[in-house]
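Reminder, nothing fancy here: chain letters follow the sequence lines and each chain counts from 1.
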Number of protein chains: 2
Amino acid sequence: MEKENKYCYKYPRPAVTTDCIIFGFDESDLKVLLIERGIEPFKGKWALPGGFVHMDETTEEGAKRELFEETGIKDVYIEQLFTFSDLERDPRGRVISVAYFSLVQLNKYEAKAGDDAKRAKWFSVKNGPSLAFDHEKILRMALYRLKGKIRYQPIGFELLSEKFTFTELQHLYEVILEMSIDKRNFRKKIQKMDLLIELDEKQENVAHKAAKYYKFNKTKYEELSLKGFNFEI
Amino acid sequence: MEKENKYCYKYPRPAVTTDCIIFGFDESDLKVLLIERGIEPFKGKWALPGGFVHMDETTEEGAKRELFEETGIKDVYIEQLFTFSDLERDPRGRVISVAYFSLVQLNKYEAKAGDDAKRAKWFSVKNGPSLAFDHEKILRMALYRLKGKIRYQPIGFELLSEKFTFTELQHLYEVILEMSIDKRNFRKKIQKMDLLIELDEKQENVAHKAAKYYKFNKTKYEELSLKGFNFEI
DNA sequence: ATATTTTAGTGTAAATTTTACACTAAAATA
DNA sequence: TATTTTAGTGTAAAATTTACACTAAAATAT
């Protein structure tokens, strides 16, 4: 059994993992993608996707790899959140975890199971299950970061489909910021930034006046950013 | 020689270190505390203080311990900055570093040497030496964070003495934000927050009108924060 | 075909905040 | 007593934020 332990060092080393907080959004709710653990510890419990960092990859690459392996998600906005290192956070021993959060289009990713995950599923962040490890703490921090960040970086668009209505956009902000926003003032503010492209398309088969579709002008945003433009809501 | 490697694991593990970016301020400049490396790699080069994380401490505790050991600094504001994990960042092998930044009162801490550090010294962040490892990258990120953070959190006061004049405070903001600020507007804004306590004391032996001293009302800030108050400059 | 239901879409006036700007006061020194 | 130097103060214009209510258009029910 001891023979298995073939990687030896002069000083003890913690294990290093990543955890991913993947946010999604549908019209009514902010959601987080969780996987049901297929192995111990916490077998059967819901947890954030993640896993051990390999020696030939950065933590960010590791997070993206695990994200893809466990959920099929790739090519998404991902950002380092925080590194968690409490001594007792993992019953297997000393494990330090670098957490990343990611915003994806919910509809594009049907939850799928793989590897260590018996199944993956979207949960409302407000009514999710209790989580393994210190993942509730990690989720809380991710929510806090998202709430702060969405006001001055146009990351919210990552959560919406390519095309969206103004009402959908406003609703996203209302749900994440947990406040209601005046419709006219919100539109004025967004319009003035001039970062939306109005599409030649409207809603269809809605039992009310059909709303115009817009898309986010990412190219223009990046240009403006370079010149010191400040997105702020 | 192989006998020394007595900590063995089933899978390879990166080493984990911390690095500290310690900012200080004097009337004319933002400074960073660096140590001259006493051992290889990069022996003789300037670097951020830091070192390996122990198994019985969190990364934050490790950062504080190293900070104290190498510079004598303790009981200061410290905040996690970012975790750096590029594969080639350390010639000794795979080393992941959790960086913290800290704001201290420059005058309170005479640079002192210890441990692996032949000597420690304050440098202007604008005219520092080239640094070991990826520490220039880390420093750049810390500066960026400081610049962003100082606008909406009253962390700048950590850099000043207990008592300070309005001009000193303004100068701090001007140096960190790299912009000039209108004196009257700045005073108006700060005064309105009502977070400064005017002391019964003035400058002495200055060849001009003596300025009043103020101190930061930390207690009041904490109270107001709980009620949702927003510091913002 | 007409009325009903439902959400889209729009403008203005008041309040607040931000900005630009220049002189007098006080301390030490010459 | 004059000079030098920084402290300390107010106001008006511009810009931004806020509060607020009705018409338009699509589908469905009658």
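- Residues from residues 176-187 of chain A that place a heavy atom under 4.0 Å from any atom of DNA chain C, listed by number: A/K183, A/R184, A/R187.
- At the phosphate of C/dT7, neither OP1 nor OP2 sits under 4.0 Å from any side-chain N or O atom of A/T167.
- Taking atom CD1 of A/I190 as the reference point, atom C1' of C/dT10 lies 16 Å away to the nearest angstrom.
- With a cut-off of 3.5 Å on both pairing distances, the Watson-Crick or G-U wobble partner of C/dT16 is D/dA15.
- Remark: B/D86 CG to A/T58 OG1 distance equals 7.0 Å, nearest 0.5 Å.
- When the P atom of C/dT17 is taken as reference, atom CD of B/Q191 falls 16 Å away, rounded to whole Å.
- Checked by atom type, the side-chain pair A/S102/A/K64 shows no donor-acceptor distance below 3.5 Å.
- For the pair B/E27 CD and D/dT5 P, the interatomic distance rounds to 17 Å; values are reported in whole Å.
- Residues B/T18 and B/T59 bring no donor and acceptor atom of their side chains to less than 3.5 Å of each other.
- A straight line from CZ of B/F164 to C1' of D/dA7 spans 16 Å, rounded to a whole angstrom.
- In this structure, B/K188 reaches the bases: a heavy-atom distance under 4.0 Å links it to at least one base atom across the strands shown.
- The nearest whole Å value for the distance from the CD atom in B/E168 to the C1' atom in D/dT6 is 12 Å.
- A/E79 and A/Y77 form a side-chain donor-acceptor contact under 3.5 Å, judged by distance and modelled atom types alone.
- One can place OH of B/Y214 at 11 Å from P of D/dA7, the figure rounded to the nearest angstrom.
- D/dA7 atom P lies 11 Å from atom OH of B/Y213, rounded to whole Å.
- At a cut-off of 3.5 Å, with distance as the only test, a side-chain donor of B/S97 or B/D19 sits close to an acceptor on the other residue.
- Atom NE2 in B/H171 sits about 11 Å away from atom P in D/dA7, given to the nearest Å.
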Strictly under 3.5 Å: I want the nitrogen or oxygen pairs between protein and nucleotides 26-29 of chain C, one per line.
unit_1 : atom_1 : unit_2 : atom_2 : d
C/dA26 : N3     : B/K209 : N      : 3.1
C/dA27 : OP1    : B/K202 : NZ     : 3.0
C/dA27 : O4'    : B/H208 : O      : 3.4
C/dA27 : N3     : B/H208 : N      : 3.4
C/dA28 : O4'    : B/V206 : O      : 3.3

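- The 5' end of DNA chain D is approached more closely, in terms of each residue's nearest nucleotide, by B/K212 than by the other of A/K189 and B/K212.
- Ring to ring, B/Y214 and B/F166 are close: their centroids are under 6.0 angstrom apart.
- A perpendicular orientation is assigned to the rings of B/Y221 and B/F231, their planes being inclined by more than 60° (bins at 30° and 60°).
- When Watson-Crick and G-U wobble pairs are counted only if both distances are under 3.5 Å, D/dG10 pairs with C/dC21.
- Close placement of the A/F123 and A/W46 rings is indicated, their centers lying within 6.0 Å of each other.
- As the counterpart of C/dA26, D/dT5 is assigned, both hydrogen-bonding distances of the Watson-Crick or G-U wobble pattern falling under 3.5 Å.
- The shortest distance between side-chain heavy atoms of B/F229 and B/M193 falls below 4.5 Å.
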